[in-house]
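Encoded as C-alpha cells, the structure appears first; notes follow it.
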Amino acid sequence: MKSLDEQLKIIKRGVVDIVTEEDLIKKLKRDRPLTIKLGIDPTAADIHLGHTVPLNKLRQFQDLGHKVVLIIGDYTAMIGDPSGKSSERPQLTREKILENVTTYSEQAYRILDKNRLDVVYNGTWFDKLSFAGTLKLVSKFTLAQMLEHDTFDKRFKSGAPLGLNEMLYPVMQGYDSVMINADIEIGGTDQRFNVITGRFLQRESGMEPQVGMFTPILPGLDGKNKMSKSLGNYIGLNDKPEDMFGKVMSIPDGIMINYYELLTDVDMAEIHSMEEAVKNGANPRDFKKKLAFEITKKYRGEQEAKYGREYFEKAFGADKKIPYEANVFKWNFEKDEITIGELLKAVNAAASNSDARRMVEQGGLTINEIKTDDFKRVIKKSELPFTFKAGKKIFGTFQK
RNA sequence: GGGGAGAUUCCAGAGUGGCCAAAUGGGGCAGACUGUAAAUCUGUUGGCUUAUGCCUUCGAUGGUUCAAAUCCAUCUCUCCCCA
C-alpha cells in the first residue's frame, strides 16, 4: 500500500469536500483495505461523463487496494433522488429498473476494476425490512431534521409538492451504508445530505460513521447546467467517437480545466501549466483538442479517438473540407422525388415541415455545396448522389 | 373536516369575452462574427407542400354566446391558512 501522503494526494484530486478529513486520515492510517460505497440510481440506462466523475474516484480507490461496493438502488430508484429537484419525479417500475442496470453496468465496468468490486442491490435488505422495522428506522428522524435538506426546505417553503416517500430517500440511502458497513461514501456535492444521513444512522447503530467525499457536479456542454440527459447537454459513453470528440470541442473554454481534472488522468502539474499557458495567451482550442482526444481514447480506444480527431479537423478545421462521406444516407423513400421538408426530417435536422422551412428560409441548408433557400424545391432520385449540410452540425451524403 | 388561492405554449410568466397561436424574458434553432469557445448582433420559435386559409393548444369534461385562455357547472391535481 502507498504511504498516507501519496494516497491522500490521489484521493483528494477533484474532491471539493470531505466530511471529515480527520476521520478519513484516521481510517487510512489503519492501513487496511477500506470499503468504499457508491450508490447508483438506475433511473437512466446510459452513462454520461457526469456519472464518470465519482466512478473515476472509485477506480482510484481500487488502484490503491481498497474495496468498492456499488449499490444498485433498485429500491431507492422507485422514489428517485429528490436532491436538487424542484418537483416530484415519476416513479419507475421495478422491471424497468432492472433492465437499466444491465446497460449501466456494461458501461461502468469500462471504468471500474471488476475484480475489486462488489455489486449489491439494496432490495436485498429493503425487501426484508418490515413495516415495524421501517417505523423504527424512521423514528430516529424529525421533520426539522429533514428540512435541513435544502431541497426539501425550498420545496416546502415555496409551496411545491413534497412527498413523504421523497423524504424517505436519504434515510434509505443512509441505511445502505449501515448494511454494508461503509467506510467512505463517494457522491456528488448534491449527495451531501444523503451521505450525512448515512453517518448519522451509522452512529445511531453503534458503528463508526462513514466519511463523505464529494465530487463536483460536472457542468454540461452549455457550461452552466449540470450535465444531464434531460437537458440534452451531455456526452454519453456510447456516443460515436466523432460526436464525443466534437462535443468536447464545443464546451466553453471556462470549464476546460475542470474537465481535465475530473475526467482525465493527466497529471495535475501538467494541467496547471496548461492553465498558465492559456492565461498567457495560448489558444485554448489546442488544449481542448488534447482533452477531446484523451476522453475519446479513454472510452472508445485510441483508433477511434484518432478518427474522431480527423473527422473534427476536416469538418471544422482551418481548411474546412466537410467529410460528407462520413455520414451516408440511403434513398429509403418510397417515391422518386421528395420535398426538402421530407429530406430534413429524414436526417433529423428538423422536427416538422415548418421547422424545416424555417431553417431553409434562413439559409441553413446547403445541397451540393450550394445554398438552397427555396423551400419548394423538390429533390429527385435522379439527382443521387448529392451532399447536404443542414445547420452547422448535420451533414452527409445521399447515395443510391 | 372547514376556509382561501391556483393550474397558460419547452420553462418562467402576462393575458379576465372578439385586435389571441396568445405580450415579455429564458432556452432552442438558423444566420453573421469565430476556435463547432465566450461575448455580441439579426431572424425565428404549435402543426399543415405559406395559406388575407385550415387544424390542434391555455388542467379535464360539459354548458352559455355570433364569438371563450377569458363567463357558468362538475371533476382532477397542487399550494396556503385553520382544526
Task: Check: A:Val248 and A:Ile235 side chains under 4.5 Å, non-hydrogen atoms - done: yes
Task: P-based separation of B:G31 from B:G18 [nearest Å] - done: 40 Å
Open item on the list: Using atom P in both nucleotides, what's the gap between B:A39 and B:U49 to the nearest angstrom?
Closed with: 36 Å
Task: Heavy-atom side-chain contact between A:Phe375 and A:Thr339 under 4.5 Å - done: no
TODO: Please list residues of residues 362-380 of chain A whose heavy atoms come under 4.0 Å from any atom in RNA chain B, ordered by number; otherwise none.
DONE: A:Gln362, A:Gly363, A:Gly364
Please produce a list of atom pairs where a protein N or O lies less than 3.5 Å from an N or O of nucleotides 35-42 of chain B.
from	atom 1	to	atom 2	distance (Å)
B:G35	O4'	A:Arg285	NH1	3.3
B:G35	O6	A:Asp253	OD2	3.4
B:G35	N1	A:Asp253	OD1	3.3
B:G35	N1	A:Asp253	OD2	2.7
B:G35	N2	A:Asp253	OD1	2.5
B:G35	N2	A:Lys288	NZ	3.1
B:U36	OP1	A:Phe316	O	2.7
B:U36	OP2	A:Phe316	O	3.0
B:A37	O2'	A:Ile251	O	3.4
B:A37	O2'	A:Asp253	N	3.1
B:A37	N3	A:Asp253	OD2	3.0

Task: Pairing nucleotide - B:A73, Watson-Crick or G-U, each distance under 3.5 Å - done: B:U61
Task: Paired nucleotide for B:G18 [Watson-Crick or G-U wobble; both distances under 3.5 Å] - done: B:C66
- [ ] Please report, rounded to the nearest Å, how far the C1' atom of B:C11 is from the CG atom of A:Asn225.
- [x] 12 Å
Open item on the list: Strictly below 4.0 Å: does A:Thr339 bring a side-chain N or O up to OP1 or OP2 of B:U49?
Closed with: no
TODO: When you get a sec, tell me which of B:U49, B:A30, B:G47 is the closest nucleotide to the side chain of A:Met359?
DONE: B:A30
TODO: In whole angstrom, give me the gap between the P atoms of B:C54 and B:C19.
DONE: 13 Å
Task: Cation-pi geometry met for A:Lys57 and A:Phe214 (6.0 Å, 45°) - done: no
Task: Pairwise C1' distance for B:C72 and B:G28, with rounding to whole Å - done: 39 Å
Open item on the list: My understanding is that a pair needs two contacts under 3.5 Å, Watson-Crick or G-U wobble. By that rule, which nucleotide pairs with B:U40?
Closed with: B:A32
TODO: For A:Asn327 and A:Tyr311, test the side chains for any donor-to-acceptor distance below 3.5 angstrom and give the result as yes or no.
DONE: yes
Task: Whole-angstrom distance between B:A38 and B:A32, as gauged at atom P - done: 16 Å
- [ ] Could you check which nucleotide pairs with B:A5 in any of the strands shown, counting Watson-Crick or G-U wobble with both distances under 3.5 Å?
- [x] B:U78
Task: d(CG, A:Leu344; P, B:A30) in whole Å - done: 11 Å
Open item on the list: Between A:Leu344 and A:Ile394, is there a side-chain heavy-atom distance shorter than 4.5 Å?
Closed with: no
TODO: Can you tell me the pairing partner of B:C54 across any strand shown, Watson-Crick or G-U wobble, with both distances under 3.5 angstrom?
DONE: B:G47
Side-chain atoms of residues 376-393 of chain A: list all donor-acceptor pairs with protein atoms under 3.5 Å, sequence neighbours left out, distances to 0.1 Å.
from	atom 1	to	atom 2	distance (Å)
A:Arg377	NH2	A:Glu383	OE1	3.1
A:Glu383	OE2	A:Lys380	N	2.9

Open item on the list: Expected output is a numbered-order residue list: members of residues 260-268 of chain A with a heavy atom under 4.0 Å from any atom of RNA chain B. What is it?
Closed with: none
Open item on the list: In whole Å, measure the gap between the P atoms of B:G35 and B:G15 for me.
Closed with: 47 Å
- [ ] Could you work out the separation of B:C66 and B:C75 based on their C1' atoms and round it to a whole Å?
- [x] 29 Å
Task: Any donor-acceptor N/O pair, A:Asn194 side chain to A:Tyr169 backbone, under 3.5 Å - done: no
Task: Short side-chain donor-acceptor distance under 3.5 Å, A:Tyr259 and A:Glu294 - done: no
Task: Test applied, ring pair (Phe, Tyr, Trp, His ring centres under 6.0 Å); reference residue, A:Phe312; option that passes from A:Phe293, A:Phe245, A:Tyr307 - done: A:Phe245
TODO: Find the distance A:Asp355:CG to B:G43:P and express it as a whole number of Å.
DONE: 19 Å
Task: A:Ser352 vs B:C48: side-chain N/O to OP1/OP2 distance below 4.0 Å - done: yes
Open item on the list: Determine whether a donor-acceptor pair (N or O, by modelled atom type, separation under 3.5 Å) exists between the side chain of A:Thr372 and the backbone of A:Ile370.
Closed with: yes
Task: N/O donor-acceptor pair under 3.5 Å between A:Gln107 side chain and A:Thr103 backbone - done: yes
Task: Separation of B:A30 C1' from A:Arg358 CZ (nearest whole Å) - done: 10 Å
Quick one: side chains of residues 278-287 of chain A, donor-acceptor pairs under 3.5 Å with protein atoms, not counting sequence neighbours, listed by atom name and distance.
from	atom 1	to	atom 2	distance (Å)
A:Asn280	ND2	A:Glu276	O	3.3
A:Asn283	OD1	A:Arg285	N	2.9

Open item on the list: Please report the distance separating the P of B:C55 from the corresponding atom of B:A5, rounded so that it comes out in whole Å.
Closed with: 37 Å
Open item on the list: List the residues meeting ring pair (Phe, Tyr, Trp, His ring centres under 6.0 Å) with A:Tyr260, not counting sequence neighbours, and say none if there are none.
Closed with: none
